[in-house]
Protein chains: 2
Amino acid sequence: MSNYDLKQEVTDKYSLRGRVFNKLRADILSGKYKDHEELKEVAIGEELGVSRTPVREAFRQLELEGLIQIIPNKGAYVTGITAKDVQDIYMIRSLLEGLCARWATEHITEAQLEELEENVYLADFHASKGHLDQMADLDNRFHHILYEACNSRQLERLLVDFHEYVLRVRKKTLSNGGRGKISNDEHRQIMEAIKDKDGGRAEELAHEHMINAYDNMVKNGLYHIYPMEGEESLEMEGRDKP
Amino acid sequence: MSNYDLKQEVTDKYSLRGRVFNKLRADILSGKYKDHEELKEVAIGEELGVSRTPVREAFRQLELEGLIQIIPNKGAYVTGITAKDVQDIYMIRSLLEGLCARWATEHITEAQLEELEENVYLADFHASKGHLDQMADLDNRFHHILYEACNSRQLERLLVDFHEYVLRVRKKTLSNGGRGKISNDEHRQIMEAIKDKDGGRAEELAHEHMINAYDNMVKNGLYHIYPMEGEESLEMEGRDKP
DNA sequence: CTAGGTATAATTGTATGCAATCATACGATA
DNA sequence: TATCGTATGATTGCATACAATTATACCTAG
């Protein structure tokens, strides 16, 4: 995986609850826990070397993210994620990324615009060199700048969430063929539309960018639902297990 | 308030945690807790007559909904909701309701379509009679049918969530002037577009319907952010407080 | 042999205790 | 007087104990 770390994990990374949450989410999205599988508090707790309390708190959050369903007094059941979910999310994202680009056009600061330009410029360089990790970082960063620039807490929260989600089921999308270069060209167009204060064009370009990304991902089989491959293991590092 | 109950509260209503969650969310959205106010576990717990455990679990969920921010080892702080949040949500919703209508056109069942027709027909009657509560129920139900009909877990989850959200800050939007009638006319047009299998038109109509609803709400000052008025009190009914 | 019921086990829901962390106040020192 | 350090209190993080609920197994009656 790349060395890019989202600035804020959805929940804090250093509490037990946060680590349980992130681990379980990763395990669900990566397919370790199968659809409809029951998650038992004590079992999870023992596996991770923690008590039921942080496990329960993590469950509550996973439920709100739609990854598990909790039936009161019965149990927590994995909801999994299907290929259709991924497709739907990309379609939803394509609309929202468009809206985001439009709003960003109206609200972006000079500093943010400059960072966008620098991002595109740098990505051009790394694309030519085939530096995949850096490309992935810059891609993530590009979108996050727009999320911030759109000046909407609500939209930013949604998009950050979806982006997170997608990162987990996506293999290195940019690593194949010329998509890295093409993707960055699309970034450049978006950036220039924003620079020109052409919100409508920015919206349309961002919209298409997302659809292209999805098409490319599907066409090349670059995403998994339940891969079972040795993804980054998200171990509970730094804690002694009794 | 109307006698309409969302089929599923976001979290179950009869556990202590669920009641704490719903109560806190309502109190935040209704303005009982002001922006940046700190929520203390013991204080909330004592107020509601429960221990810290269910309060903590409710906090975790409220954090994910963006209503509070939890700073590890420090505390939970209310994020509140601003007029801009409401506006943004309506703009986001207008896009997603459009997408929902389009997808619903492709996936709606005969039974669902029939319920839509019945809904519009009935609403016409109640509109002429000025039955506000029934109008509100039918309005909610109309949208929920579409949420189900769109055949997308992801989109449904988002829209149900936003709808819930909006219900809390909205006074009786349909109660004024002729909006009830007009709104139902828009519903009819959407329904007919879906019946005609014209997804594009359904999308556009649903999109505009939402923008109209927002405009009407704002123009008439029919929503509140921090009202302090005697909203339904969402008491923790059915539990003895020691 | 099956249906129903009861006892028992397993699991979740809640409360509480203890440890860790953070805020505050007070005092010592420059 | 200002600043740093320490002590104390408040608050959260986690673990565990107990209560309530649900699932399972076994036994009995028909």
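Below, read A as the first sequence line, B as the second, and so on, with proteins coming before strands; counting in each chain starts at 1.
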Trainee: Within this structure, what is the CG-to-C1' distance between A:N73 and D:dT21, rounded to whole angstrom?
Mentor: 5 Å
Trainee: Counting side-chain heavy atoms from C-beta on, which of C:dT11, C:dA23, D:dT11 comes nearest to A:K40?
Mentor: C:dT11
Trainee: Please work out whether the ring planes of B:Y147 and B:H163 are parallel, tilted or perpendicular, with thresholds of 30° and 60°.
Mentor: perpendicular
Trainee: Any side-chain heavy-atom pair from B:L29 and B:L67 closer than 4.5 angstrom?
Mentor: yes
Trainee: Side-chain donor or acceptor of B:S15 under 3.5 Å from a matching atom on the base of C:dT14?
Mentor: no
Trainee: Between D:dA17 atom C1' and A:R56 atom CZ, what is the distance in whole Å?
Mentor: 14 Å
Trainee: Write down the distance between CD (B:E38) and C1' (C:dA23), rounded to a whole number of angstrom.
Mentor: 10 Å
Trainee: Is any side-chain N of the basic residue among A:K74 and A:E38 closer than 4.0 Å to the acidic one's carboxylate O?
Mentor: no
Trainee: On DNA chain D, does the nearest nucleotide to A:K74 precede the nearest nucleotide to A:T53 from the 5' side, or the other way round? Give the residue.
Mentor: A:T53
Trainee: Is a side-chain N or O of B:D27 found less than 3.5 angstrom from the main chain of B:Y33, in a donor-acceptor match?
Mentor: no
Trainee: Using atom CZ of B:R19 as one end and atom P of C:dG13 as the other, report the distance to the nearest whole Å.
Mentor: 14 Å
Trainee: Tell me: CZ of B:F59 to P of D:dT11, nearest whole Å?
Mentor: 12 Å
Trainee: Nearest whole angstrom, please: distance from the P of D:dT16 to the CZ of A:R52.
Mentor: 12 Å
Trainee: Under 4.0 Å, heavy atoms only, any strand: does A:L39 hit a base, just the sugar-phosphate, or nothing?
Mentor: sugar-phosphate
Trainee: Can you check the A:E41 CD to D:dA17 P distance for me, whole Å?
Mentor: 16 Å
Trainee: Given atom OH of A:Y77 and atom C1' of C:dT11, what is their separation to the nearest angstrom?
Mentor: 10 Å
